[in-house]
K.L.:
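Dumping the structure here so I can ask a few things about it.
Order of appearance sets the numbers: ligands from 1, and atoms from 1 within every ligand.
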Amino acid sequence: MICYNEQEKIFHLKTCRTSYIMGVYENTLLHLYWGDALETGCETFAQMLQARGRSFCATDMPDGLSTDTLPMEFPTFGSADLRTPALHVRYADGSRITRLTYDSYRILDGKPALERLPATYAEAGDDVQTLEITLCDTYSGLRVVLSYGVFHTMDAITRSVRVENGGSDSVTLLNVMSACLDFQQLGMEMLHLPGAWARERFPERVPVMRGKMTVDSLRGASSALHNPFAALLEPDTTERHGRVWGMNLVYSGNFTAGAEAEPYGCTRAFIGIHPFDFTWNLAPGESFQSPEAVLVFSANGIGGMSRIFHRLYRTRLCRGAFRDSERYALINNWEATYFNFNSDKIAHIAEKAASVGLDLMVLDDGWFGHRDNDHSSLGDWYVYKKKLPEGLDGLAEKVNNMGMRFGLWFEPEMISEDSDLYRAHPDWCLHVAGRPRTPSRNQLILDLSRKDVCDYIIETISGVLKSAPIAYVKWDMNRNMSEVGSALLPAEQQGEVYHRYMLGLYRCLEAITSAFPQVLFESCSGGGGRFDPGMLYYMPQTWTSDDTDAVERLMIQYGTSICYPYSSMGCHVSAVPNHQVGRVTPIRMRGHVAMPGQLGYELDLNKLTDDEIEEVKQQVKEYKQLGELFHQGDLYRLKNPDEGPVTVLLFVSPDQCKAAFCLYVTKAMANAPHLRIRLDGLDATAQYRDTATGEIYSGSVLMHVGLPCICDADYKSEIRVFEKL
Ligand code: DGJ
């Protein structure tokens with residue numbers, strides 16, 4: 001619901017549990033509040049705003065006030081506000097001053113799509129409205145349209161910005177944040193998701209220091225090192241209690257997210273495309289659309305925030321036939337064979353996989369060109385006949401005859417120097433003429449800012465998908481960007497290449513995924529190096545990490561679940577000793593850790609013992625029974641892996657009729673103290689039956705007394721299911 005109080009000039013955006021309030025004060029748009037829901041219609045500036053003149057602040061507002069200390073909704077550079085700006089523009093005369101004043105607003109039902117960019121969406125009948133507020137710089141003719149998507153029941157607000165050049169000269173955008181939030185409080189903490197290859201998204205929580213802190217990526221991908229997510233919290237906020245304000249950028253390229261604590265009681269948070277090495281030329285009449293920022297407030301702790309993100313992303317970010325349906329339990333040959341396979345080997349793996357009930361055989365890297373290692377062939381998307389003499393269609397048919405679907409790996413954005421494509425088009429990669437091109441994993445990156453390169457990708461990948469019954473695609477991306485230049489753009493537009501690349505990538509993804517709606521797409525970037533909402537808009541699942549060790553995965557999946565639902569995480573059971581850390585864990589625990597995600601196996605099942613195969617059969621069966629609960633249910637993290645050797649997850653169906661309690665012990669303890677885990681999210685007045693033992697519990701006992709757990713063995717795990725009577 002969006003209300004405008006004419007008299008006070010106050011906008012009140014209300015979701016079921018939150019309010020977001022802005023007001024026009026002396027023609028300037030101020031941010032007044034974001035938090036627990038307030039009654040509408042009774043807010044006044046006098047009550048919402050604390051303001052006084054300060055020495056050393058330029059007075060651009062009446063009564064000795066300054067935009068340098070007022071809570072601004074969309075701060076700009078060049079006038080009195082000397083904090084981090086949300087907008088920085090260079091004009092034709094070389095000046096860089098923008099002062100935005102309020103112009104107008106409009107309220108729309110639903111939510112318009114963002115031009116060429118992924119975003120959350122509304123469906124017919126949803127209680128979603130959009131507010132557009134237009135601000136103007138009268139001196140230059142620049143117009144800024146701030147859009148707010150208000151998801152009432154989903155309890156989330158989205159923000160994006162469109163900058164329009166209404167002047168008569170070209171301007172250069174230097175910085176356009178998607179959202180900026182001035183909190184009228186200090187002493188907050190920041191939660192973010194730093195990582196690296198094979199240890200992505202380990203949550204870190206730090207006090208917001210006086211000054212500025214940011215997390216960011218300048219790697220041409222959202223990256224494994226940081227995620228385009230940051231939340232501010234009050235210091236007493238925990239997993240289950242307290243206030244948290246989360247921001248997540250629907251974008252897969254360079255970003256910045258951060259907070260600046262200033263001396264007068266305000267903390268400014270911001271998120272958007274990274275301004276470093278970014279420029280965008282805007283001719284008269286042209287406009288620039290920023291990516292969308294998703295904003296989630298919860299008064300129910302970090303867990304409450306995660307559940308809101310999860311529901312929104314599961315249902316109004318992911319799209320297509322696989323959004324709501326159960327996906328495939330798969331087998332992937334990568335860790336089983338790496339590059340060393342032929343069609344007999346793959347068929348042998350597939351046969352065993354079919355016998356345990358798996359749905360899909362995925363053929364990973366190495367099926368094309370003459371690729372026997374990572375030195376060649378990226379870009380040459382035709383079959384490597386030495387390995388697959390019967391072709392993709394022949395192999396796919398063989399797999400289909402076993403009762404399984406067939407899936408295929410691609411790395412469409414890349415080019416090997418040893419490839420026919422590179423020999424034909426050496427200028428198709430990102431590069432700067434006359435300078436060396438730095439390889440990473442022996443490969444260069446195609447220049448997706450170019451239309452002809454994107455056309456090639458769309459055409460070739462589509463050609464392969466048409467050539468055989470391919471039911472699944474793994475879209476990989478195994479390096480970050482260097483020498484970011486394009487052979488086609490003029491000098492003054494080279495600062496646009498990073499963002500034009502993302503627009504090109506999104507165009508390819510839109511074209512290919514919409515042409516093949518029956519294909520399930522999974523994104524990947526050397527594991528989880530591009531796990532972001534931008535990719536989830538096109539592909540409903542992402543390979544979470546190249547680290548498949550069950551113990552490490554508990555942490556990686558925990559960090560990922562801070563913002564992203566389990567339904568979006570590709571999670572595989574692999575061989576022991578584990579290939580990344582050498583740890584030996586039982587197949588039971590490996591299965592239990594992978595099962596809440598999109599389950600897969602990434603090993604040669606022929607090498608397992610009979611007992612292990614029986615366990616795998618059981619796991620696949622259980623997964624098919626519980627998949628809907630894991631993927632559509634609400635997640636309660638009852639114990640997190642950074643708290644000690646016990647991790648507990650609880651998935652509760654939306655109607656509270658069914659719950660899965662997943663317990664993992666990573667380290668046994670001698671003479672361990674009693675441990676009780678209190679459940680959450682159940683119907684306190686109902687009775688629940690433990691489906692394995694038949695024991696009946698009241699919901700209130702499960703939630704207030706809890707279940708006893710015994711930490712008496714390393715790598716112990718169990719999944720207990722409770723059904724409402
Ligand atoms: C990186 C991925 O994360 C792996 O799963 C695998 O597909 C390799 N690339 C193949 O090169």
K.L.:
Do Lys716 and Tyr664 form a cation-pi contact, if we require the NZ or CZ to be under 6.0 Å from the six-membered ring centre and within 45 degrees of the ring's axis?
P.N.:
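No, cation not above the ring by the 6.0 Å, 45° rule.
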K.L.:
Knowing that exactly one of Leu446, Thr513, Ile461, Ile457 qualifies, which makes a side chain to side chain contact (heavy atoms under 4.5 Å, CB included) with Cys508?
P.N.:
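With Cys508 as partner, Leu446, Thr513, Ile461, Ile457 yield a single side chain to side chain contact (heavy atoms under 4.5 Å, CB included), made by Ile457.
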K.L.:
Taking the inter-plane angle between the rings of Tyr506 and Tyr538 on a 0 to 90° scale, is it parallel (under 30°), tilted (30 to 60°) or perpendicular (over 60°)?
P.N.:
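Rings of Tyr506 and Tyr538: parallel, as their planes differ by under 30°.
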K.L.:
Please work out whether the ring planes of Trp543 and His572 are parallel, tilted or perpendicular, with thresholds of 30° and 60°.
P.N.:
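Ring orientation, 0 to 90° scale: tilted.
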K.L.:
Can you confirm, on distance only, whether ligand 1 has an N/O atom lying under 3.5 Å from any N/O atom belonging to Asp364?
P.N.:
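Indeed, backbone or side chain, Asp364 has an N or O that close.
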K.L.:
Among all protein heavy atoms in this structure, tell me which lies nearest to atom 4 (C) of ligand 1, with the distance rounded to 0.1 Å.
P.N.:
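That would be Asp546 OD1, 3.5 Å.
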K.L.:
So, is the end of the Arg371 side chain (NZ or CZ) under 6.0 Å from the ring centre of Phe339 and within 45° of the ring's axis?
P.N.:
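No; the conditions do not both hold, so Arg371 does not lie above the ring face of Phe339.
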K.L.:
What atoms of ligand 1 come closer than 4.0 angstrom to any heavy atom of Trp409?
P.N.:
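Per the distance check, 7 (O), 10 (C), 11 (O).
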K.L.:
Quick check on contacts: which atoms of ligand 1 are under 4.0 angstrom from a heavy atom of Asp365?
P.N.:
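Counting from 1, the qualifying ligand atoms are 10 (C), 11 (O).
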K.L.:
By the definition ring-ring contact (aromatic ring centres under 6.0 Å, His included), identify the one residue from Phe406, Phe410, Tyr382 that meets it with Trp367.
P.N.:
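Option passing the ring-ring contact (aromatic ring centres under 6.0 Å, His included) with Trp367: Phe410.
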K.L.:
Only one of Phe630, Phe651, Phe309 passes ring-ring contact (aromatic ring centres under 6.0 Å, His included) with Tyr566; say which it is.
P.N.:
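Single ring-ring contact (aromatic ring centres under 6.0 Å, His included) partner of Tyr566 among Phe630, Phe651, Phe309: Phe651.
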K.L.:
Looking at Trp543, which atoms of ligand 1 are within less than 4.0 Å of one of its heavy atoms?
P.N.:
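Result: 3 (O), 5 (O).
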K.L.:
Would you confirm whether the ring centroid of Tyr251 sits within less than 6.0 angstrom of the ring centroid of Phe255?
P.N.:
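Ring centres of Tyr251 and Phe255 not closer than 6.0 Å.
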K.L.:
Is the closest heavy-atom distance from Arg371 to ligand 1 below 4.0 Å?
P.N.:
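Flag not set, Arg371 not near ligand 1.
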K.L.:
Counting heavy atoms only, which part of Lys474 comes closer than 4.0 Å to ligand 1: side chain, backbone, both or neither?
P.N.:
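The part of Lys474 near ligand 1 is the side chain, not the backbone.
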K.L.:
So is Cys524 polar-close to ligand 1, meaning N/O to N/O under 3.5 Å?
P.N.:
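For ligand 1, there is no N or O atom that lies under 3.5 Å from one belonging to Cys524.
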K.L.:
Indicate, as side chain, backbone, both or neither, the part of Asp374 found under 4.0 angstrom from ligand 1 when only non-hydrogen atoms are considered.
P.N.:
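Under 4.0 Å from ligand 1, Asp374 contributes no heavy atoms.
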K.L.:
Report the part of Arg441 in contact with ligand 1, treating N, CA, C, O as backbone and CB onward as side chain, heavy atoms under 4.0 Å; options are side chain, backbone, both, neither.
P.N.:
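Answer for Arg441: side chain.
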K.L.:
For Gly526, counting its heavy atoms only, list the atoms of ligand 1 lying under 4.0 Å from any of them.
P.N.:
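Answer for ligand 1: 1 (C), 3 (O).
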